[in-house]
2 protein chains.
Amino acid sequence: MLWKIDPAGDEPLYAQLVAQVHLAVARGDLAAGDRLPAARELAGSLDLNVHTVLKAYQRLRDEGLIELRRGRGAVVTARGGAGLPPVEKALAALVRAARAANLSAETTAVLVREAMNG
Amino acid sequence: MLWKIDPAGDEPLYAQLVAQVHLAVARGDLAAGDRLPAARELAGSLDLNVHTVLKAYQRLRDEGLIELRRGRGAVVTARGGAGLPPVEKALAALVRAARAANLSAETTAVLVREAMNG
DNA sequence: ACCTATTTGTCCGTATGTATG
DNA sequence: CCATACATACGGACAAATAGG
């Protein structure tokens, strides 16, 4: 993986990690479906606190770059390779917007069904 | 203010607080420009940790509902509860993509629900 | 069906930094 | 200069979902 964090930099540590993952995906070092190291494991190797890594991971999830699930870890979504089907892209965008607006899964699903039928 | 948090509820504490603020804005109890209590102060009165309140505040900031500045506190933004346009936009985009892909309303709704729960 | 290990999620506590007024 | 109040980071603890034996 070989990511580097500078504890003395002006950028926050979690932001540095977010940027590193972005870079890795952009350069192809990380592809869709690839799994990121477990938060505690990465924290250990980068000499960071678990929470700092988790904050970065959750930020990346909010951006739609990775998917986080308990017991499974962090997996890169299908947005790194730029050839994604339009439906997936629209789906991911809607999920982000709906989450930001505090809508439940059920509410969002109903909205979609009505929008499709109407 | 009189917000209520249930420590035994299924919803996370910070999510409950986020919902309460949403409600307050929706009901007009909080208007644009109004200042929310300082995180530590609110944490004290709700018997929560400061981090829990701050997490809620930062979530609300990400949604665009409030503005956070050091030394100044949390202030409701001008466009207050008007956080729906992003959802509408994403919804329309998804409908277009789904129709183009020949997906039914039901299928699309199920996809959304799964994506939200995932 | 059960159990165990893994891994993220939430919450609390503490400390220090930094922009605002 | 000083008080206020969010921002970041560290630490520990337990809960909950997942995967695999």
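Lettering of chains follows the sequences in order, A, B, ..., and the numbering in each one begins at 1.
For the segment residues 8-21 of chain A, the set of residues with a heavy atom within less than 4.0 Å of an atom of DNA chain D comprises A:Pro12, A:Leu13, A:Tyr14, in numerical order.
More than 12 heavy atoms of other residues, nucleotides or ligands sit less than 6.0 Å from atom CG of A:Asp6.
Checking A:Arg72 against A:Lys55, the closest nucleotide of DNA chain D that is more toward the 5' end is the one next to A:Lys55.
Distance from the side chain of A:Arg70 is smallest for D:dA16 among the nucleotides D:dA7, C:dG13, D:dA16. If you check D:dC10, C:dC12, C:dG9 against the side chain of A:Leu48, the one that comes closest is D:dC10. When distances are taken from the side chain of A:Ala38 to each of C:dG17, C:dT7, C:dC11, the shortest belongs to C:dT7. Distances from the side chain of A:His51 to the nucleotides D:dA5, C:dG13, D:dC10 place D:dC10 closest.
Between the CG atom of B:Leu54 and the P atom of C:dC12 there is a distance of 12 Å, rounded to whole Å. In this structure, the CG atom of B:Asp62 is 10 Å from the P atom of D:dA7, given to the nearest Å. The CG atom of B:Leu60 sits 14 Å away from the C1' atom of D:dC6 (whole-angstrom rounding). One can place CG of B:Leu46 at 15 Å from C1' of C:dC12, the figure rounded to the nearest angstrom. Residue B:Gln58 contributes atom CD, which lies 12 Å from atom C1' of D:dA5 at whole-angstrom precision. Rounded to an integer number of Å, the gap from CZ of B:Arg40 to P of C:dA15 is 12 Å. Per the geometry, CD1 belonging to A:Ile5 stands 15 Å off P belonging to D:dT8, to the nearest Å. When rounded to the nearest whole Å, the span between CG of B:Leu42 and P of C:dC11 equals 14 Å.
Considering only side-chain N and O atoms, B:Arg35 lies under 4.0 angstrom from the phosphate OP1 or OP2 of D:dA5.
Listed by chain and number, the residues in a salt bridge (Lys or Arg N to Asp or Glu O under 4.0 Å) with A:Asp34 amount to none (sequence neighbours excluded).
From A:Arg59, atom CZ reaches atom NE2 of A:His22 across 9.5 Å, with rounding to the nearest 0.5 Å.
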